[in-house]
Each structure stands twice: as structure tokens, then as C-alpha cells.
Amino acid sequence: MKFDDKYYELLCELGMIAGFHGLETEAYTIFAGLSAMKPEHVSPPIAKATVLMNVGKADEAIKLLQEQVLSKDPDNLTAKAFVGFAHAMCERWDQAQPILEQVVQAGGNEQAVQMAKGILETG
């Protein structure tokens, strides 16, 4: 079945909105469905990680990103930025800083770079 990428991303955003409004189970269900449709796509695990971080489960978010995104795509700057952010949330600046600096130095993904810079400025 062909599923337009714009609808895929829209459903991913909908899952994030659900998660940020206290509907974590529903959000995780949406992400699981999207992952089943396109297992190679990194948006669902990244979105799930943001929801986990939002509910105070930063360590689970790190594990998820490492296992489901970075193990397959070690250069994924978005995932790296979120891993750095999760470490910063846990006040592990010794782990956050080198990851975030690597994202900034790598460049090429403006959103990830801006996120990393913003976190570094607050640390």
C-alpha cells in the first residue's frame, strides 16, 4: 500500500501532540503503527523519544534513540541532538556537551544544529 509521506509525517506530528497532552499510550500506538508501515523511517522513534523526554523518561529516550536510530544511522544529527538534550535534562553535562558540540560542528541539519546550540548556551 502506498502511503503519502506528508500524511505519514502528519500522523507522526499527531502522535507527538497526543503525547504532549497526556495521551502517551495513544501516541505510542500511533508511532508503533507508523514504524510497522515503514520500519526504516526514523521519525517515529525520534517522536517517541521526545514524548518520553516530555514525561520525564530521558534515559528511556536515550536508549530508544541509540537502539532504533543511531545503531542504523550513527550520523543522524537529529537523534544525536535529542540524545544530548536528554543527557542535559538529567544534568549530565559531561555527556551532553561533547554530543551537542559534535552536532554543531557537523552542520548540515539546521534544526539539529540550532537545537544543539540552544542547549549548549543554557548549559
Side-chain angles (χ1 to χ4, degrees):
M1 175 175 121
K2 180 154 174 28
F3 194 76
D4 193 318
D5 281 343
K6 70 180 178 182
Y7 297 118
Y8 188 89
E9 292 300 324
L10 183 62
L11 284 169
C12 200
E13 290 174 20
L14 180 62
M16 289 175 59
I17 292 167
F20 294 152
H21 286 89
L23 301 171
E24 292 91 21
T25 302
E26 291 82 352
Y28 302 151
T29 301
I30 292 169
F31 301 143
L34 291 171
S35 290
M37 287 176 64
K38 295 185 179 186
E40 75 286 352
H41 214 284
V42 298
S43 294
I46 291 174
K48 183 176 180 180
T50 63
V51 172
L52 286 166
M53 291 167 62
N54 190 57
V55 297
K57 297 179 180 178
D59 286 325
E60 286 184 44
I62 292 168
K63 183 178 178 187
L64 173 76
L65 291 168
Q66 290 172 335
E67 291 177 355
Q68 294 188 19
V69 181
L70 294 170
S71 67
K72 299 170 190 166
D73 181 9
D75 297 323
N76 188 300
L77 296 180
T78 301
K80 284 184 177 184
F82 277 108
V83 168
F85 185 21
H87 281 300
M89 287 177 66
C90 296
E91 298 184 12
R92 293 189 296 255
W93 290 102
D94 59 321
Q95 294 177 45
Q97 186 175 357
I99 295 168
L100 296 169
E101 287 174 349
Q102 183 183 33
V103 171
V104 172
Q105 290 172 359
N109 178 332
E110 193 58 32
Q111 289 179 319
V113 168
Q114 290 304 314
M115 179 178 160
K117 283 182 178 179
I119 297 163
L120 287 166
E121 290 172 4
T122 63

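At least one side-chain heavy atom of His87 sits under 4.5 Å from a side-chain heavy atom of Val83. Annotation: side chain of Val55 is not in contact with side chain of Glu60 (no heavy-atom distance under 4.5 Å). Residues Leu52 and Tyr28 form a side-chain contact, since some pair of their non-hydrogen atoms from C-beta on lies under 4.5 Å apart. With contacts defined as side-chain heavy-atom distances shorter than 4.5 Å, the pair Asn76/Ile46 qualifies. The side-chain heavy atoms of Glu9 and His41, taken from C-beta on, include a pair separated by under 4.5 Å. With contacts defined as side-chain heavy-atom distances shorter than 4.5 Å, the pair Trp93/Ile119 qualifies. Taking the side chain as every heavy atom from C-beta outward, Leu11 and Met37 never approach each other to under 4.5 Å.
Atom CD of Glu26 and atom CD1 of Ile17 lie 14.0 Å apart (nearest 0.5 Å). The CG atom of Leu34 sits 11.0 Å away from atom OG1 of Thr29, with the distance rounded to the nearest 0.5 Å. Atom-to-atom distance recorded for Leu65:CG and Ser71:OG is 10.5 Å, nearest 0.5 angstrom. Remark: Lys48 NZ to Glu24 CD distance equals 11.5 Å, nearest 0.5 Å. For the atom pair Leu77 CG and Met115 CE, the distance stands at 11.5 Å (nearest 0.5 Å). Here the straight-line distance linking atom NE2 of His21 with atom CG of Asn54 works out to 9.5 Å at 0.5 Å rounding.
At most 12 non-hydrogen atoms from other residues, nucleotides or ligands lie less than 6.0 angstrom from CD of Glu91.
Contact record, Cys12 with Phe31: O-CE2, 3.5 Å, taken as the closest heavy-atom pair. Considering every non-hydrogen atom in both Ala61 and Ala49, the closest pair reads CB-O, 3.5 Å. Between Ile62 and Ala86, the closest heavy-atom pair is CG1-CB, 3.4 Å. Between Ala79 and Val69 the shortest heavy-atom distance is CB-CG1, 3.6 Å. Here the shortest heavy-atom pairing between Val51 and Gly15 reads CG2-O, 4.4 Å. When all heavy atoms are compared, the tightest approach of Pro74 to Lys80 is O-CE, 2.8 Å.
Inspection of the Gln111 and Thr78 side chains reveals no N or O donor paired with an N or O acceptor under 3.5 Å.
By the rule that hydrophobic residues join a cluster once side-chain heavy atoms approach within less than 4.5 Å of another member, Val42 and Phe85 end up as members of one cluster.
Remark: Leu120 engages Gln97, Leu100, Glu101, Val104 in a side-chain contact (heavy atoms from CB on, under 4.5 Å) (not counting sequence neighbours).
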